[in-house]
Amino acid sequence: QVQLVESGGALVQPGGALRLSCAASGCPFRNYAMSWDRQAPGKERERVATISTAGLTDYADSVKGRFSVSRDNAKNTVYLQMDSLKPDDTAVYYCRARVIARTTAIAYTYWGQGIQVTVSS
């Protein structure tokens, strides 16, 4: 069973930085595309960043130039480095893993439990 556990959430001042980690278990991590999503109070969940199995990255426009996603396949961990944080970045951040089965082409998606990031002075 795939398990994703996020860590690193905190209260940080505007302009500050934070690094989130997501440790995966129960899956061949290198075969999974990994993403970070977030959900602010009263808003829909949105994708923040994705890193493919090949290490290609993609970001939401709202975080481009401020956030950076990376992965360490040896540690089964994906990271989200967040710089120049703004109050609008306040949300619960979720780690997401996605794989497409080679034989059936069925996509499987898993989420972590989420972790709170609060940007406030």
Side-chain angles (χ1 to χ4, degrees):
Q1 185 176 355
V2 177
Q3 289 190 327
L4 303 171
V5 179
E6 300 98 338
S7 61
L11 169 64
V12 62
Q13 292 188 342
L18 205 59
R19 188 175 83 155
L20 302 182
S21 300
C22 172
S25 61
C27 64
F29 180 76
R30 63 178 63 250
N31 293 342
Y32 282 68
M34 301 299 296
S35 297
W36 288 94
D37 301 330
R38 69 184 180 187
Q39 187 166 19
K43 295 186 177 181
E44 293 187 353
R45 190 174 298 191
E46 63 174 353
R47 186 187 67 89
V48 174
T50 299
I51 184 165
S52 72
T53 56
L56 300 176
T57 59
D58 187 64
Y59 300 92
D61 288 342
S62 59
V63 306
K64 279 181 182 177
R66 300 189 299 120
F67 289 12
S68 177
V69 61
S70 60
R71 64 191 298 161
D72 186 337
N73 290 339
K75 295 183 178 180
N76 287 0
T77 301
V78 62
Y79 304 97
L80 184 67
Q81 177 66 42
M82 304 185 292
D83 298 325
S84 302
L85 282 162
K86 306 174 181 179
D88 284 349
D89 295 317
T90 296
V92 176
Y93 284 72
Y94 298 88
C95 177
R96 171 165 51 96
R98 185 174 184 268
V99 68
I100 297 176
R102 292 182 180 180
T103 55
T104 64
I106 295 174
Y108 296 89
T109 304
Y110 305 91
W111 281 272
Q113 80 286 354
I115 194 161
Q116 179 70 45
V117 171
T118 302
V119 184
S120 175
S121 54

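- Sorted by first and then second residue, the pairs that involve residues 96-120 and meet salt bridge (Lys or Arg N to Asp or Glu O under 4.0 Å), not counting sequence neighbours, are Asp37-Arg96.
- Cluster annotation: Val5 and Met34 are assigned to distinct hydrophobic clusters (Ile/Leu/Val/Met/Phe/Trp/Tyr, side-chain heavy-atom contacts under 4.5 Å, transitive).
- Shown here are the side-chain contact (heavy atoms from CB on, under 4.5 Å) partners of Thr57, two or more places apart in sequence or in another chain: Ile51, Tyr59, Val69.
- The stretch residues 63-74 participates, sequence neighbours left out, in these side chain to side chain donor-acceptor pair (under 3.5 Å) pairs: Asp61-Lys64, Arg66-Asp89, Arg71-Asn73.
- Checked against side-chain contact (heavy atoms from CB on, under 4.5 Å), Thr104 has the following partners two or more places apart in sequence or in another chain: Ala101, Ile106.
- For Ala10, the side-chain contact (heavy atoms from CB on, under 4.5 Å) test picks out Leu18, with sequence neighbours left out.
- Judged as a side-chain contact (heavy atoms from CB on, under 4.5 Å), and not counting sequence neighbours, the contacts of Ser121 are Pro14.
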Check: residues 78-85 side-chain donor-acceptor pairs under 3.5 Å, at least two apart:
residue : atom : partner : partner atom : Å
Gln81   : NE2  : Asp83   : OD1          : 2.9

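- Through side-chain heavy atoms spaced under 4.5 Å, either directly or across other Ile, Leu, Val, Met, Phe, Trp or Tyr residues, Tyr94 is tied to Val92, Trp111.
- Listed by first and then second residue, the disulfide (SG to SG under 2.5 Å) pairs involving residues 27-81 amount to none (not counting sequence neighbours).
- Residue pairs meeting the side chain to side chain donor-acceptor pair (under 3.5 Å) criterion with at least one member in residues 6-32, sequence neighbours excluded: Glu6-Gln113.
- Legend: disulfide (SG to SG under 2.5 Å) pairs involving residues 50-121, not counting sequence neighbours, sorted by first then second residue: Cys22-Cys95.
- Within the structure, salt bridge (Lys or Arg N to Asp or Glu O under 4.0 Å) contacts touching residues 49-58 (residues at least two apart or in different chains) are Arg47-Asp58.
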